[in-house]
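For reference, the structure is listed below as structure tokens.
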Amino acid sequence: QEDEFALMSLGIPSVYRGFFRPDRLVETAEWLAHEYWLEQSNQYELSKWIRFLELAQPDSGCRLLLKSPNHLFRLPLLVQCFPQSRFVLIVREATSCMESNRKMWRAMFQMYGLTDCNPEILDSFLLSACRAGTDVLNWARLHLDASNLVCVHLGELGKSPGQVLRRIGEFLDLPCLDAWLESSELRSKWRLSGREAKLPEHS
């Protein structure tokens, strides 16, 4: 699962709290601003998160991969705390991104929500998220370069998955890159075919 759920369980502010109280979703919007996270850089909550990352780090010393859309809004803080980090940003067409988020949030409300949510409130929140994301991308354009950030369009990933995954793997300096790409190709064929397939052990 996304490490966002661990953060939320530790009491660290997360917009995913809105899953449980959709009627209070607007109150979480302040956590979309990257300025908020920079102001928290010396707070107790940050030390709890860093401790969680230390516990999640593999003994092998391999790079720790985090996957949470909400880390976009924490990007300046992540750069400040972990200057050697590398970031992979997958972008998509705005309309489909908005509709995908609507679908996800509505599904979470249905599964976890203790209250109902006004659709207008959800759309207002998602528009706030889009604006906050744009602010972070403008910040990244000024402060990051090709050594620590790579952007991939979702359409490009769908058309040429092998090429894109190789570019990402080389950017992240992944060990056993060829084996990883072979496994990814098999998984892609497996999903497209809709049939189960035996994957190699290293997958």
Side-chain angles (χ1 to χ4, degrees), residues 1-5 7-8 13-37 65-79 86-113 115-146 148-168 171-172 184-185 187-194:
Q1 280 283 10
E2 296 171 4
D3 59 297
E4 191 72 24
F5 292 97
L7 269 64
M8 184 170 57
S14 170
V15 295
Y16 281 5
R17 293 186 189 181
F19 291 165
F20 306 98
R21 287 294 303 273
D23 60 326
R24 300 183 62 177
L25 182 61
V26 173
E27 298 175 28
T28 71
E30 67 171 318
W31 301 331
L32 296 169
H34 69 271
E35 294 89 353
Y36 171 88
W37 294 103
L65 176 63
L66 303 179
K67 184 261 175 194
S68 171
N70 297 289
H71 288 330
L72 172 65
F73 310 111
R74 304 182 181 110
L75 185 61
L77 175 61
L78 292 172
V79 172
R86 300 177 191 178
F87 304 93
V88 178
L89 180 64
I90 300 178
V91 299
R92 65 191 299 187
E93 191 272 327
T95 303
S96 62
C97 184
M98 185 74 168
E99 190 54 41
S100 175
N101 271 277
R102 277 199 193 105
K103 183 177 179 181
M104 185 276 288
W105 280 89
R106 288 170 180 166
M108 295 300 102
F109 292 156
Q110 185 174 4
M111 184 177 296
Y112 299 114
T115 63
D116 294 328
C117 181
N118 186 322
E120 294 182 0
I121 291 177
L122 175 58
D123 280 353
S124 176
F125 171 80
L126 293 177
L127 285 173
S128 296
C130 288
R131 295 189 186 100
T134 300
D135 289 342
V136 173
L137 294 179
N138 285 329
W139 180 93
R141 181 173 55 86
L142 297 174
H143 295 87
L144 302 180
D145 57 33
N148 49 20
L149 174 68
V150 63
C151 291
V152 174
H153 195 283
L154 188 63
E156 180 187 6
L157 183 61
K159 291 178 181 178
S160 305
Q163 295 179 12
V164 174
L165 289 175
R166 177 170 291 279
R167 177 154 59 97
I168 293 174
F171 168 73
L172 295 176
S184 299
E185 183 178 359
R187 287 181 184 276
S188 177
K189 292 179 179 178
W190 174 57
R191 290 188 181 119
L192 289 174
S193 69

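All figures in this text were calculated on a predicted structure; none of them were measured in a lab. These values consider heavy atoms only, across backbone and side chains, with no hydrogens, waters or symmetry-generated copies.
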What are the two closest non-hydrogen atoms of [X] and [Y], and how far apart are they?
X	Y	value
L72	G133	CD2-CA, 3.9 Å
L25	T28	O-OG1, 2.7 Å
R86	F171	NH1-O, 2.6 Å
A140	L149	CB-CD2, 4.2 Å
P69	F73	O-CE1, 4.2 Å
C151	R167	O-NH1, 3.8 Å

(message) Would F20 and M8 count as a side chain to side chain contact (heavy atoms under 4.5 Å, CB included) here? Give the steps.
(response) CA-CA 12 Å; F20 306 98; M8 184 170 57; 3.8 Å; yes

(message) Pair T134, L137 - check side chain to side chain contact (heavy atoms under 4.5 Å, CB included), show working.
(response) CA-CA 5 Å; T134 300; L137 294 179; 5.6 Å; no

Enter the distance from [X]:[atom1] to [Y]:[atom2] here, rounded to the nearest 0.5 Å.
X	Y	atom1	atom2	value
L66	R74	CG	CZ	10.0 Å
L65	L172	CG	CG	7.5 Å
H34	N138	NE2	CG	9.5 Å
L78	W37	CG	CH2	10.0 Å
M111	M108	CE	CE	4.5 Å
H71	E2	NE2	CD	8.5 Å

(request) Count the heavy atoms of every other residue, nucleotide or ligand shown that sit under 6.0 Å from CD of Q110, and state whether that count exceeds 12. (result)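 Incorrect, the count does not exceed 12.
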
(message) Salt bridge or not between E156 and K159? Use side-chain N to carboxylate O under 4.0 Å.
(response) no

(request) Classify the angle between the aromatic ring planes of F5 and Y16 as parallel (below 30°), tilted (30 to 60°) or perpendicular (above 60°). (result) tilted

(request) For E35 and D135, run side chain to side chain contact (heavy atoms under 4.5 Å, CB included): C-alpha distance rounded to whole Å, both residues' side-chain angles, the deciding distance at 0.1 Å, then the answer. (result) CA-CA 10 Å; E35 294 89 353; D135 289 342; 5.6 Å; no

Side chains of [X] and [Y] in contact at under 4.5 Å (non-hydrogen atoms):
X	Y	result
T115	F109	no
V91	L89	yes
S100	R92	yes
E93	L154	no
K67	E4	no
L32	R131	no
W105	N101	yes

(message) Between Y36 and W31, does the side chain to side chain contact (heavy atoms under 4.5 Å, CB included) criterion hold? Intermediate values first, please.
(response) CA-CA 6 Å; Y36 171 88; W31 301 331; 3.5 Å; yes

(request) Write out all pairs satisfying salt bridge (charged side-chain N to carboxylate O under 4.0 Å, His left out) with one or both partners inside residues 136-145, taking only residues at least two apart or from two chains. (result) none

(message) I'd like to know if the side chain of N148 reaches the main chain of L144, judged simply by a donor and an acceptor atom lying under 3.5 Å from each other, with no hydrogens or angles considered.
(response)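 Answer holds: no.
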
(message) Quick one: does any side-chain atom of S128 pair with a main-chain N or O of S124 as donor and acceptor, under 3.5 Å?
(response)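 Looks like yes, one N/O pair under 3.5 Å.
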
